[in-house]
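These notes concern the structure reproduced below.
Bear in mind the structure is a predicted one, so any value in this text is a computation, not a measurement.
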Amino acid sequence: EDQVTQSPEALRLQEGESSSLNCSYTVSGLRGLFWYRQDPGKGPEFLFTLYSAGEEKEKERLKATLTKKESFLHITAPKPEDSATYLCAVHLRERTGNQFYFGTGTSLTVIP
Amino acid sequence: DSGVTQTPKHLITATGQRVTLRCSPRSGDLSVYWYQQSLDQGLQFLIQYYNGEERAKGNILERFSAQQFPDLHSELNLSSLELGDSALYFCASSGGGRVGELFFGEGSRLTVL
C-alpha cells in the first residue's frame, strides 16, 4: 500500500535554531515529490518540486532534498514567520491522471 | 491570493442534507482537484477533472459527486451528509507543464450537525 509519512508531527524551534523535517514514502512509480506550506485556515501553498534522487531546491531559509526513500526540508535559522504546517505530497506514475497524495504534515512553531 | 475561488467559505447543515461546493480555477488552468481535509486524516484526494472530463478518482464516497463545466468551474456535491463529513474541502487547480504545482483555494468549511 502506498504511504507517505511525515515526521515529526510537531516541532517547536527557537528563532535561529535550524532543523529538518522528514517525509518518507513507500510508493511505486514516483513521478515527483512536492512540498507545500499551509497556514491556519488557508489552502496549501506550493514550495518545491523534486523529481529525482540527489536533487535539491532552495528558497530563502528552506532547502528541500530527495533520496530514493525520503525527502528532507531543511530550515536554516528560522524566523517566527516560518511557523506553519509543512506538507509533502507524492505524484504517482502508475495511476491514471495526476493524483497527488499528501502526508499529514509537520506543524512548525518558531518561537521569538 | 492563489487565484482559485471557493464558495461558500463556511457552511453549517444537518445530517441527511445535501450541499454543493463551488470552485473557480485560476484563469487558464484546465485541471481541477478536490481534496478533503479533516483533523485526523490530513488532505485526502477526492477527484480530478481536466477540461470537463473526470481524470482520476481517489477516496471519494458514492454519496459525493463532482463535475466540471464548460467554463471550467467545478462543483462538488455532497449528499446524505453524516457527522463525519465535517471537514475543510479544498479545490486546487493546475495548468501548463508544471505538474504538481497545485494552486489551492481557501477552502469551504463544512460543519454537519
Side-chain angles (χ1 to χ4, degrees), chain A residues 1-10 21 23-25 27 29-52 55 57 59 64 66 71 73 84-107, chain B residues 1-6 9-10 21 23-26 29-60 66 68 87-109:
Chain A
E1 180 181 321
D2 298 333
Q3 190 167 0
V4 180
T5 304
Q6 290 189 246
S7 62
E9 286 186 14
L21 314 182
C23 171
S24 63
Y25 54 92
V27 301
L30 180 74
R31 296 190 69 178
L33 185 139
F34 309 93
W35 283 95
Y36 287 80
R37 168 191 170 128
Q38 185 174 22
D39 293 298
K42 304 285 187 182
E45 177 185 346
F46 173 81
L47 291 173
F48 301 111
T49 306
L50 300 164
Y51 290 108
S52 56
E55 190 174 357
K57 294 275 179 74
K59 181 179 178 180
L66 181 65
S71 177
L73 184 65
T85 295
Y86 291 85
L87 302 167
C88 74
V90 295
H91 176 209
L92 303 183
R93 187 191 312 274
E94 307 276 339
R95 318 276 180 161
T96 60
N98 288 318
Q99 293 194 20
F100 301 93
Y101 290 90
F102 283 78
T104 52
T106 293
S107 175
Chain B
D1 182 5
S2 67
V4 177
T5 304
Q6 288 189 249
K9 285 190 172 14
H10 302 276
L21 310 180
C23 169
S24 294
R26 284 191 327 155
D29 284 355
L30 299 180
S31 282
V32 169
Y33 303 77
W34 285 98
Y35 284 86
Q36 178 192 58
Q37 187 174 43
S38 53
L39 280 174
D40 58 345
Q41 292 205 348
L43 268 171
Q44 298 290 310
F45 170 69
L46 296 178
I47 198 164
Q48 179 210 357
Y49 280 83
Y50 178 83
N51 202 19
E53 292 188 5
E54 181 185 306
R55 277 294 180 91
K57 247 181 178 177
N59 301 318
I60 188 166
Q68 186 179 28
L88 259 173
Y89 291 85
F90 284 106
C91 165
S93 74
S94 71
R98 301 182 68 154
V99 175
E101 188 168 349
L102 302 179
F103 293 87
F104 282 82
E106 301 220 330
S108 293
R109 181 173 293 282

What do you reckon, are the aromatic ring centroids of Phe45(B) and Phe100(A) less than 6.0 Å apart?
-> no
Which bit of Gln38(A) comes within less than 4.5 Å of chain B, counting heavy atoms only: side chain, backbone, both or neither?
-> side chain
Measure centre to centre between the rings of Phe104(B) and Phe46(A), then say whether the value is under 6.0 Å.
-> no
Minimum-distance pair of heavy atoms, taken over all atoms of Leu43(B) and Pro44(A) = CD1-CG, 3.7 Å
Quick one: pull up CG in Leu102(B) and NE2 in His91(A) and give me the separation to the nearest 0.5 Å.
-> 9.5 Å
Turns out that what part of Phe48(A) lies under 4.5 Å from chain B's heavy atoms comes down to neither
Nearest-0.5 Å distance that lies between atom NZ in Lys42(A) and atom CZ in Phe90(B) = 10.5 Å
One option among Ala89(A), Gly105(A), Gly43(A) has the most heavy-atom pairs under 4.5 Å with chain B, and it is Gly43(A)
Does a sphere of radius 6.0 Å around CZ in Arg109(B) hold more than 12 heavy atoms from other residues, nucleotides or ligands, not counting ones at 6.0 Å or beyond?
-> no
Can you measure from CG (Leu87(A)) to CD (Gln37(B)) and round to the nearest 0.5 angstrom?
-> 7.0 Å
